[in-house]
Amino acid sequence: MDVEGMVCLIAGGGKVASRKIFTMLEYGAAVRVIAPEAEEEIAALAEMERISYEARACVPEDVDGADFVIAATSDEVLNRAISRRCKSMRIPVNVVDVQEECSFIFPALVKDGDIVVGISTGGASPAIARMLKDRVRAAIPEGAGAAAGWMKENREMVKALVDSQPVREEIFYRLAELAMSAGGGLEDGTVKGMIERKLEESHG
């Protein structure tokens, strides 16, 4: 789901909660954290007002008003109670490492700019998902995210210059290859020259 602008309640202030917080912030969620104690990086985010942090024990009623919830406390009984409250109110909930208490599962995400790859084992083995995540991350060429961003910025320009869908697809593919090789974008002259050559070939 697209979490940008959604309110995410995270119960817990440990290392697992910290990882979830950074992931949620990366995708634009409004993060509220409730925990008696928190890792230094969580406290630092609260000081910078990037998250809301309440230094107290979380209770199941805290889920009221959240768009989705992550239960990451060390208290299994509390996590279960949070899950039940969420399910009774139809609020999506993820209880870390307890698949049966979840109404949704987080995939292991690899993100580089506009490139996002999600890997899920359906909760069967988070360890395998993390292992595959590392391999996928290593397989993505350096600069691929920047290249994707550049392609996004230039899509409309190419569409305006090229009417033929098949020719346009060839051009997009070639531009993607060149942008990936360059580790980012290309100069306008290079792009327009390549488009002109492809159009001449298609008419020849």
> Using modelled atom types only, decide if a donor and an acceptor are shared between the side chain of N154 and the backbone of M151 within a distance under 3.5 Å.
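Looks like no, no N/O pair under 3.5 Å.
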> Enter the distance from I171:CD1 to L199:CG here, rounded to the nearest 0.5 Å.
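These two atoms lie 5.0 Å from each other.
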> Is the closest side-chain heavy-atom distance between R174 and E170 below 4.5 Å?
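The answer is no; the side chains never approach within 4.5 Å.
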> Counting only N and O atoms by type, is there a donor-acceptor contact under 3.5 Å from the side chain of S103 to the main-chain atoms of V93?
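A pair under 3.5 Å: yes.
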> Does the structure place the NZ or CZ of K111 under 6.0 Å from the centre of the six-membered ring of Y27, at an angle of no more than 45° from the ring's axis?
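Yes, K111 and Y27 form such a contact.
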> Counting neighbours of NZ on K15 that are heavy atoms of other residues, nucleotides or ligands and sit closer than 6.0 Å, is the number greater than 12?
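Counting neighbours around NZ of K15, 12 or fewer heavy atoms of other residues, nucleotides or ligands fall under 6.0 Å, so no.
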> If you compare all heavy atoms of W150 against all heavy atoms of G184, which two are closest, and at what distance to 0.1 Å?
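Taking every non-hydrogen atom into account, CB-O, 4.0 Å.
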> When you check the gap from the basic side-chain N to the acidic O, do D64 and R85 get nearer than 4.0 Å?
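R85 and D64: salt-bridged.
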> Please examine the side chains of I34 and V59, heavy atoms only from C-beta on, and report whether any two atoms are closer than 4.5 Å.
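Counting from C-beta outward, V59 and I34 never come under 4.5 Å.
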> Do E41 and S18 meet the criterion of a side-chain donor-acceptor pair at a distance under 3.5 Å?
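There is such a pair between these side chains.
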> For the backbone of P36 and the side chain of R56, can you confirm whether one donor and one acceptor N or O come within less than 3.5 Å of each other?
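Such a contact is absent between R56 side chain and P36 backbone.
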> Do M180 and V191 share a hydrophobic cluster, counting only Ile, Leu, Val, Met, Phe, Trp and Tyr and linking them when any side-chain heavy atoms are less than 4.5 Å apart?
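Result: no, two separate clusters.
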> With sequence neighbours left out, write down each residue that passes side chain to side chain contact (heavy atoms under 4.5 Å, CB included) with E187, or none if nothing qualifies.
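With neighbours one apart ignored, the set is T190.
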> Determine yes or no for a side-chain-to-main-chain donor-acceptor pair under 3.5 angstrom, with Y53 supplying the side chain and A35 the backbone.
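Between the backbone of A35 and the side chain of Y53 there is a qualifying donor-acceptor contact (under 3.5 Å).
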> In this structure, which one of I128, L109, I119 forms a side chain to side chain contact (heavy atoms under 4.5 Å, CB included) with K133?
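Testing K133 for a side chain to side chain contact (heavy atoms under 4.5 Å, CB included) against I128, L109, I119 leaves exactly one candidate, I119.
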> Would you call D67 and R32 a salt bridge, using N to O less than 4.0 angstrom?
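No, no charged N to carboxylate O under 4.0 Å.
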> With a 4.5 Å cut-off on side-chain heavy atoms, are R168 and F172 touching?
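Yes, side chains in contact.
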> State, yes or no, whether a side-chain contact exists between V96 and N94 at a heavy-atom distance under 4.5 Å.
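Result yes, sub-4.5 Å side-chain heavy-atom pair found.
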> What is the minimum heavy-atom distance between A29 and C8, and which atoms define it?
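Nearest heavy atoms, A29 then C8: CB-CB, 4.3 Å.
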> Output yes when E200 and R197 qualify as a salt bridge under the 4.0 Å nitrogen-oxygen rule, no when they do not.
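No salt bridge links E200 with R197.
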> Does the side chain of M157 come within less than 4.5 Å of I195's, by heavy atoms?
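Answer yes - side chains close enough.
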> Atom CD1 in I140, atom CD in E142: separation rounded to 0.5 Å?
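Between I140 CD1 and E142 CD, I get 12.5 Å after rounding to 0.5 Å.
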> Has the side chain of N79 got a donor or acceptor atom that lies under 3.5 Å from a matching backbone atom of V95?
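Not confirmed, N79 side chain does not pair with V95 backbone.
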> Might you work through the salt bridge (Lys or Arg N to Asp or Glu O under 4.0 Å) test for E101 and R84, ending with a clear yes or no?
CA-CA 8 Å; E101 296 291 351; R84 288 175 180 171; 5.3 Å; no
> What's the separation between atom CD1 in I42 and atom CD1 in I21, rounded to the nearest 0.5 Å?
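Those atoms lie 3.5 Å apart.
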> On a heavy-atom basis, which atom in I82 and which in A11 lie closest, and how many Å separate them?
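It is CD1-CB, 3.7 Å.
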> Can you measure from CD (E153) to CG (D114) and round to the nearest 0.5 angstrom?
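Answer for the CD-CG pair, E153 versus D114, is 9.0 Å.
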> Minimum heavy-atom separation for A57 to D62, with atom names?
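Nearest pair, atom of A57 first, then D62: O-OD2, 4.3 Å.
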